[in-house]
Amino acid sequence: MSNLQIPVARLVGTIKTYGALRALDGVDLMLQRGELLALLGPNGAGKSTAISLLLGLIRADKGTVELFGQDPQNIDARRRIGVMLQSASLPPVLRVGELLRLTASYYPSPRSVQESAEMAGIADLLKRPYAKLSGGQQRRVQFAMALCGRPELLFLDEPTVGMDIEARQKLWAAIRQLIAEGCAVVLTTHYLEEAEALADRVCVMAQGRVISEGSVDDLRARVALKRVRCMTHIDPQQLAAWPEVVEARREGAKVWMSTANAEALVRRLLDADTSLSELEVQRAGLAEAFTELTRDTETATTIDREAA
Amino acid sequence: MNAVTHKFSVAQAGATMSPQRVIAAYLEEIRSECLRYLRTPSFLLPTLLFPTVFYLMFGIFLGHANGPDAPRFFLAAYGTFGVMAPGLFGFGVSLAMERDNGLMTLKRALPMPPAAYLLGKMVMALMVAAVVIVLLLAMAVLLAHVPLSLGQIITIFFTCVFGVLPFCAMGLFVGSLIKGQGAPGAINLIYLPMAFLSGLWFPLSILPKFLQQLGPVWPSYHLNQLALDAVGLGQGEALTHVTVLAIYTVFFTVIAARRLRRYG
């Protein structure tokens, strides 16, 4: 029974330094069966360090790193994972089918080459040498290699870079199918709509720390704000003083405001300016939430530095 | 709940590999490595052409000027020269490239049996070495009419095939030091001077005294002595040469493996 509680992947208080640089500064992460966790953050935030630790490529200086309750450097733990890395040049002269056959041989009960190829939408490419494929096709081959071992946990590092929209959506559908079968996924991506489309949980990292963790909706709600834009004669400085308004500024002919309470703000605006026009209310997207979160930490560190 | 627990334990049981599947993984790795090199003419052509063309020119056509034993002497020398390349280049260049382009990282993250990567390359090097020595033997017997007994043929074949191992180890070491495009140049800087200083192109006796004394430093010198021994031109002491080559192999493998484990 206790087996059921063992998380698929876990980082507890993990610290990793490279010389003077703290790549990870006390990170906690946990992933359960059938869950997709998106790791977001600017370059150098510590995403790849976290993934390298979970893949057993590097060792932590401090803290716990576990896959299925085991050390990731234990090959038995890694026999339950599939991996798609961002920059791996596969042998150019090997054919797609040969690459799949080789990768599948590492696993105890892999899918057939045909099945893996169909899931990744590359069944028609099996006889082609890897070097002759387009960038998007190569990414799909790497995806097929990641899923061919029937993994319980899949690492997808920027999986859809170089893909067109149609290919990307097909890949998303395949990822959803794997999740439905109980596979857990760790996804890093620069495309926020990708995290929005797939993730149960989003974990935003900056400067080696997790600065926000929760569902996509939580993350949006955490930043909470809605954008209100309109043409008005009221001065933005005056608007900024209203309790409903978090921030206000002029944006071309319009005034731009962010608010936690759009309804109250709109009611007051309409009362205050009867000639108000072109009113727009927008929910903050993940992109805005993300920018705001990471900007906050940047400001915080700048202040820290100045204080020091 | 029972059903859930059961499902989980099945998944766990699935994570252990049967010995047959582990062996299959090794064989697949070997197959892939061999296919890769067979389809890479920039590796295969120089590896096969240099020793055979040199042997044809210097060992057979021009060889008779150097006395009746020249084709026999150069069979050993170019055999040694020929099997250095698949070891040094096959291991060193590919390792340096694959550490640079992310393939090594992917392989380390995947549940590849840890020794499969090296074993795959080693078997490839042994096979290329076998092809090189078979070609040279065919030229020696059919073109130069070197009288060789069956025992001599078998001895030089196995000497050269297994003689590739110390050079695999050296290639492994160089590949663990250098990353990417610099590797072919660096390996040529080791390969060609070492061949020259081991007396593979000219007998050591025509070199300055100092360089003659340096001969026994190089692994290729010892392999050449064994190859000469195999074709009946040796000075004995085969056991010493085998021991020195074994020490070279173990030494370079151990320090390279340590570096790779530490730095990837």
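Sequence lines set the chain letters: A, B, ... in the order given, protein chains first and strands last, and positions in each chain run from 1. Note that this is a predicted model, so its numbers are computed, not measured.
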Working to the nearest 0.5 Å, report the span between [atom1] of [X] and [atom2] of [Y].
{"X": "B:R108", "Y": "A:Q73", "atom1": "CZ", "atom2": "CD", "answer": "8.0 Å"}
{"X": "B:L106", "Y": "A:S89", "atom1": "CG", "atom2": "OG", "answer": "10.0 Å"}
{"X": "B:I30", "Y": "A:L102", "atom1": "CD1", "atom2": "CG", "answer": "11.5 Å"}

Taking everything shown except [X] itself, do over 12 heavy atoms lie less than 6.0 Å from its [atom1]?
{"X": "B:M139", "atom1": "CE", "result": "yes"}
{"X": "B:Y26", "atom1": "OH", "result": "yes"}
{"X": "A:Y18", "atom1": "OH", "result": "yes"}

So B:R39 and A:R95, side chain to side chain contact (heavy atoms under 4.5 Å, CB included) or not? Walk me through it. CA-CA 11 Å; B:R39 290 182 195 156; A:R95 302 198 171 100; 3.2 Å; yes
Please classify the contact of [X] with chain B as side chain, backbone, both or neither, using a heavy-atom distance under 4.5 Å.
{"X": "A:Y107", "answer": "both"}
{"X": "A:R59", "answer": "neither"}
{"X": "A:S52", "answer": "neither"}
{"X": "A:A146", "answer": "neither"}

Problem - side chain to side chain contact (heavy atoms under 4.5 Å, CB included) between B:E29 and A:Y106, worked out - result: CA-CA 9 Å; B:E29 194 69 38; A:Y106 301 154; 2.5 Å; yes
Given B:P113, B:A116, B:G102, B:P111, the one with more heavy-atom pairs under 4.5 angstrom with chain A than any other is B:P111
Is chain A contacted by the side chain of B:T105, its backbone, both, or neither, given a heavy-atom distance below 4.5 Å?
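B:T105 touches chain A through backbone and side-chain heavy atoms alike.
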*So which of A:L99, A:T103, A:L57 has the biggest tally of heavy-atom pairs under 4.5 Å with chain B?*
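If we count pairs closer than 4.5 Å to chain B, A:L57 comes out on top.
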Counting heavy-atom pairs under 4.5 angstrom with chain B, the leader among A:R101, A:M145, A:M84 is A:R101
Donor-acceptor contact below 3.5 Å, side chain A:R78 vs main chain B:A109 =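 Judged by distance alone, yes, a pair lies under 3.5 Å.
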Please find the pair of heavy atoms, one from B:A25 and one from A:S105, that lie closest to each other, and give the distance.
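Between these two residues, the closest heavy atoms are CB-O, 3.3 Å.
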For B:R21, which of A:S109, A:P108, A:P110 qualifies under side-chain contact (heavy atoms from CB on, under 4.5 Å)?
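For B:R21, the side-chain contact (heavy atoms from CB on, under 4.5 Å) test succeeds with only one of A:S109, A:P108, A:P110, which is A:P110.
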